[in-house]
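Here the structure is laid out as structure tokens; the discussion comes afterwards.
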Protein chains: 2
Amino acid sequence: MTAADDDEQAPRRGAPAPPQRTPRGTLSREVLLDAAMEIVRIGGADAFSMRALGGRLDVDPTAFYRHFRTKNELLDALADILIEGDEPLPATGNARADLRASLHQLRHSLLRHPTMAAVILRRPPGGRAYWARANHALGLLRGMGLSPEEATALYQTLLFYCLGHVLSEARAVAAAVARDRRPGTPTSTFNPPAHQLPDLAAAVPFLRSDTLTQFDTGLDLIMRAAPA
Amino acid sequence: MTAADDDEQAPRRGAPAPPQRTPRGTLSREVLLDAAMEIVRIGGADAFSMRALGGRLDVDPTAFYRHFRTKNELLDALADILIEGDEPLPATGNARADLRASLHQLRHSLLRHPTMAAVILRRPPGGRAYWARANHALGLLRGMGLSPEEATALYQTLLFYCLGHVLSEARAVAAAVARDRRPGTPTSTFNPPAHQLPDLAAAVPFLRSDTLTQFDTGLDLIMRAAPA
DNA sequence: ACCTGAACACCGTTCAAGT
DNA sequence: ACCTGAACACCGTTCAAGT
């Protein structure tokens, strides 16, 4: 029915070559998070498992459970690291520009690990960085003259738009990476069946040309609802 | 670091009591899709596996592979069934109302299987119903006087907003269901750390009060960008 | 105190063999 | 032609035992 192609699993598994043995007593949340991020960076989200993590640190896979309650707890911590990003929250004094920049930071950081985005977005939010970003954005919107209620509504709209956009971009990037590793897999998503669907056909030229510009266009549309 | 609670796995696995033996030669994509949907309806997305599917139809788990290439291909087909929903695309003649109704349909249908939403949204889109909905919405926007480019931009903004919102709602519903099955698990998401974050504290009363109204509020904000 | 190792109860998928 | 069954190469997590 769907022209479902191959899938994004299997061609890369496990972590290669433990770089250095982890001495007894030096395992910590931080060490585990770093190793997990490395595994994801090298092999994508599918390469990450308890056994890969243990292998990378040359430690028994179950040593993990001294430091995290479950794998999902580690994923939540990874999520918050990505949501935080590398840069401080923008504070130029221009509320509109700062808000836009914060959402750009979020998008950019999540897209640095595109195979991770879907994994992270299926977890409930609630990390430190997540709330810090919310507080920052809400403050900016209130500074633009919006009431708490208006600010909340507009922030949620921006955030949900941002998450949907990033999820969609990340899927495309992850699929492209998978295709690259194992060529010959067709991409169905951008051969939409435009016959019989004239309005879709007319839209095709404007799909996915430049995703950053597209992202901004949506932000602008939503921000029209804010006072100048 | 995060107040990560328990997780949504494990308490319900496998399909209970095969309702009737499936005679040789009657297995089909449709039968498999129906059984898969039943498993998800009863036990959530985690309950679905090849072995559960085989068990439910009283058939060897690997018989599946005569009809689908992979599990993900079946997930894509399930996704398109949910995206299609039960009702026909709205066509009252009021473009604005029809567009809103289509997005409500999509939200409603995805939320009927909340544990499935995250699974489905991590797959690339591209099913028949997905494109049909896109074509329908684009036609409505063009009918409101927008150019193909404007219509595409506005539709994508609405769609990404809708997906982000539904993903967020579905996570909350799925977590609530899991909490119900195994009580005592706290919800961190709606105890945001409002101390030290004054603008977040001011927003708390307006979070998650009525998610349908909230959804509509965002749609309205975005639709302000369209001509009256 | 911290880690190991075996074990448990699962996965998705392949392929030779059966009917 | 269609399905079975064993097998492969994995999972996340628990718990008694070791150091």
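A, B, ... follow the sequence lines: proteins, then strands. Residue 1 opens every chain.
Between the CG atom of A/Asp60 and the C1' atom of D/dT13 there is a distance of 12 Å, rounded to whole Å. Atom CG in B/Leu74 sits about 15 Å away from atom C1' in C/dT13, given to the nearest Å. At whole-Å resolution of the value, CG in A/Asp58 and P in C/dC3 are 13 Å apart. Note: CG (B/Leu53) to C1' (C/dC10) measures 16 Å, nearest angstrom. Regarding A/Phe48, its CZ atom lies at a distance of 15 Å from the C1' atom of D/dC10, rounded to whole Å. Regarding A/Tyr65, its OH atom lies at a distance of 17 Å from the P atom of D/dA16, rounded to whole Å. Put simply, CZ on B/Phe68 is 13 Å from P on D/dC3, counting in whole angstrom units. Distance A/Arg69 CZ to D/dC15 P: 14 Å, rounded to the nearest Å.
To the nearest whole angstrom, the two P atoms, one in C/dA9 and one in D/dA9, are 23 Å apart. If you take atom C1' in C/dC2 and the same atom in D/dA16, they sit 15 Å apart, rounded to whole Å.
Taking every heavy atom of both residues into account, B/Pro90 and B/His136 meet most closely at O-NE2, 2.8 Å.
Paired with B/Gln156 under the rule side-chain contact (heavy atoms from CB on, under 4.5 Å), one option of B/Leu158, B/Leu159, B/Thr152 passes, and it is B/Thr152.
Closest contact between the side chain of A/Arg66 and the listed nucleotides C/dT4, D/dC11, D/dC3 involves C/dT4. Which of C/dT13, D/dC3, C/dC3 sits closest to the side chain of A/Ala63 comes down to C/dC3.
Mapped onto DNA chain D by nearest heavy atom, B/Thr26 and B/Arg51 fall at different nucleotides, with B/Thr26 at the one closer to the 5' end.
The side-chain heavy atoms of B/Val119 and A/Arg122, taken from C-beta on, include no pair separated by under 4.5 Å. Counting heavy atoms from C-beta outward, B/Ile81 and B/Leu33 have side chains that approach closer than 4.5 Å.
Between the side chains of A/Thr70 and A/Asn72, not a single donor N or O lies within less than 3.5 Å of an accepting N or O.
Base pairing annotation: D/dA1 forms a Watson-Crick or G-U wobble pair with C/dT19, both donor-acceptor distances under 3.5 Å. Shown here, D/dT13 forms a base pair with C/dA7; the pair counts as Watson-Crick or G-U wobble because both key distances fall under 3.5 Å.
For A/Thr62 and C/dT4, the shortest distance from a side-chain N or O to OP1 or OP2 is not below 4.0 Å.
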